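Below: one structure, written as structure tokens.
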Amino acid sequence: MKSLNKITIKNLSWQNEKKKILDNIDTVLEEGKIYGILGPNGAGKTSLVRSILGFVKGYEGSILYDQTNLKNIKREELAKLISFLPQNVFSDVDFTAYDVVAMGREPHRKRFKPLDDVDKAIINEAMEFTDCVVFKDKSISKLSGGELQRVMIARTVAQDTPWVVLDEPVASLDIKHQMDLVLLLNRLKKEKKKTIILILHDINLASKLCDCILLLKDGKLAASGEAKRLLNKENLNKIFGVDFLKIETKEEGEYILPRITL
Amino acid sequence: MKKTFQWIRILVLLLILILAIVFSASFGSAEMSMLDSIKILFGKIPILGNFIDTSNISTTYEIIVWKVRLPRILLAALVGAVLAMVGTAFQGVFRNSLADPHILGVSAGAALGATVAMLFGISVNIMGLGSIGLFAFLGALLTAFLVYSVAKIGGDVSTTNMLLTGTAMSTMLSAIISLLMTFNNDQISKIYMWTMGSFSSATWEKVWFILIVGGIGSILLYSFSGKLNIMMLGEEDAKSLGIDTDKTRRNIIIIASLLVAAAVSVSGVIGFVGLIIPHMVRMFVGSNNKAVMPYAFIIGAIFLLACDTIARTVAAPTEIAVGIITSIFGAPYFIMLVLARRKS
């Protein structure tokens, strides 16, 4: 696995044809942590991760991978440093789970060269890691949301990048699968030493799982820092415009919930 | 274990293709036995031929098989293979299951080129194509270039724009052909036959032409199969795996368009093969293009060869346009397959 110590974002601004999406974002992301990006709809969360992945063109400011400007890194090289789990893939195609995980080896493979024993060992290990060996020959079009998610995470493990970006990985999962995914992501950090950036909506999940939080609003980085410190009632109220309650538990610490008034 | 199984299946299909070639070679207006046609075909193979005694077969038969039937058979098989290959590539790259080799208007361009050559009696011969084939080839390339240039206006090539431009262009060019036909009543049937597709003017030169262009093009398309697989899961997903999606898409479209141009210029516009064969193959092997492409190549060859054999024999001496056969026999068969799949 290659190494990447930090990603530095300097005065990042970007606008599409209609309006400003990202407004002067300045931050440094460091290896070994889990970063959670939170904010209301339209705050620029997805645009921020898309910029970090090099999908956004024509932005102002700069993004540095260690000392190298993102603009000077080729796609193939980038794919060895950072992997991506989009919110949706077109899962209506008839590929086996194994085929999809094997795609993770693409950046490491020369053209015309078939998968070798090293690749195959990595693929099998990745599938064991996320527990999807049992349905490796099943078509992804027939998998449940949770199973598909595990296949996709196995693919990022096979891609063998030090950093992983996930766009709302828990959004479409039921509660049990959400909890399983959180455990899996935590293992990804602990056992595979990966740095993880993910977009989330669940405040309590974020506060338990993430080391650091970036709070976005209207394209601006409203606040950032250690998760437990940052995710308090006042900050959340400012960001989301909703009242929050704090619930203290003896065994599990604090939980923060939006106040529901009818 | 799974790999060897695949190889066996491919070998079996190749065997069926060879059988189909031999079988088809013994069919036609000059009746001859299957054994004789086998002797003639295998007698031409170096070394092996020395052991085969063809002395008691009349030379007329030999000429019929070798100069008339075999080029036609091979041409039909190669065009079928190429069309199925292009259909697979287009359906993948456009993520559209209705995409077929003719969807970008390339074939309509070829048909217009051929029509112009027929009406103005232009006579040249380059690469064994003849004036009609050559004009068809040029018309196809010109159309592909036009469609691509229009779709590129205002930034990156969008596949939706390409499909829309291609469809519009195809309709417009077909209308121009109809217009030309209106004013040249005497040529209508000739032009019509060409646009429906036919292998009746097959020559060895055409076989070599499509063998070289189609062979190289198909190998190149196959070399993109891994990337095409990944791109079928989504644009940014593919980018995150290090694929330059714009470049890959452009390359696939250019190679596929060249292949269509080559196929159409030697055979006319044959529908259905490129649309249906890839779907048929996917029903059995899934979406993985590394498997779909080789199967589609061989099955496309067998299918079009079979259709052309029917086209030239069933109402002999009248030729039926092969495009009619592909659709009349292919469509019900395909519907049956879909239904059988639903049941199971």
Side-chain angles (χ1 to χ4, degrees), chain A residues 46 49-50 52-58 73-96 98-100 102-115 137-142 148 151-152 155-156 158-159 161 163-167, chain B residues 1-3 5-7 88 91-97 154-156 159 219-249 251-252 278-295 341:
Chain A
T46 300
V49 298
R50 288 182 72 245
I52 294 173
L53 289 158
F55 296 158
V56 172
K57 284 179 190 162
I73 307 177
K74 281 193 189 147
R75 275 251 151 265
E76 303 116 75
E77 289 309 308
L78 203 59
K80 291 176 193 166
L81 295 171
I82 194 161
S83 56
F84 175 51
L85 244 85
Q87 205 170 352
N88 297 303
V89 290
F90 294 114
S91 57
D92 55 341
V93 275
D94 215 356
F95 293 133
T96 65
Y98 185 90
D99 284 340
V100 172
M103 288 173 186
R105 298 308 297 160
E106 176 73 16
H108 305 275
R109 218 165 46 88
K110 293 242 158 32
R111 197 160 171 195
F112 294 115
K113 196 176 145 270
L115 296 171
D137 293 322
K138 209 167 157 187
S139 164
I140 56 161
S141 61
K142 297 196 171 70
L148 183 63
V151 170
M152 295 305 290
R155 198 187 73 181
T156 57
Q159 195 176 340
T161 56
W163 291 53
V164 181
V165 176
L166 305 98
D167 188 356
Chain B
M1 195 180 79
K2 227 177 131 202
K3 265 241 163 89
F5 184 58
Q6 265 206 17
W7 277 110
T88 309
Q91 284 166 15
V93 91
F94 293 122
R95 277 197 58 81
N96 184 328
S97 46
D156 288 338
T159 49
I219 290 168
L220 284 176
L221 277 187
Y222 181 74
S223 77
F224 283 108
S225 55
K227 287 188 173 150
L228 187 57
N229 280 344
I230 296 172
M231 283 166 63
M232 281 163 78
L233 286 180
E235 180 79 15
E236 298 199 328
D237 190 57
K239 281 186 182 165
S240 76
L241 284 165
I243 295 171
D244 185 339
T245 49
D246 288 329
K247 197 174 123 198
T248 308
R249 192 166 24 242
N251 287 341
I252 292 176
H279 284 295
M280 221 170 87
V281 172
R282 273 188 218 109
M283 284 183 186
F284 297 102
V285 304
S287 303
N288 186 345
N289 288 300
K290 280 186 186 148
V292 177
M293 282 184 177
Y295 284 120
R341 273 255 131 178

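Naming convention: chains lettered A, B, ... in sequence-line order (proteins, then strands); numbering from 1 in each chain. Only a predicted model underlies this, so the values are computations on that prediction, with no experimental measurement involved.
Contact tally against chain A (heavy-atom pairs below 4.5 Å) for B/S223, B/G234, B/G286: the top residue is B/S223. For the set A/K74, A/K80, A/E76, A/R50, the entry with the most heavy-atom pairs within less than 4.5 Å of chain B is A/R50. With chain A as the partner, the residue from B/D244, B/N288, B/L233, B/V285 showing the most heavy-atom pairs under 4.5 Å is B/L233. Interface check for chain A: of the options B/E235, B/M232, B/R282, B/R95, the most heavy-atom pairs under 4.5 Å are formed by B/R95.
In this model, a donor atom of one side chain and an acceptor atom of the other lie less than 3.5 Å apart for A/S139 and A/D94. Side-chain contact, A/T161 with A/S83: a donor N or O sits under 3.5 Å from an acceptor N or O.
Looking at A/V100, the atoms closer than 4.5 Å to chain B (heavy atoms on both sides) all sit in the side chain, from C-beta outward. Residue contact with chain B, scored on non-hydrogen atoms closer than 4.5 Å, involves the backbone of A/I82 exclusively.
Nearest heavy-atom pair, B/P294 versus B/Y222, reported as atom, atom and distance to 0.1 Å: CD-CE1, 3.9 Å.
Taking the six-membered ring for Trp and the full ring otherwise, the centers of B/F284 and B/Y295 sit at least 6.0 Å from each other.
A/R155 places a side-chain heavy atom less than 4.5 Å from the side chain of B/D237.
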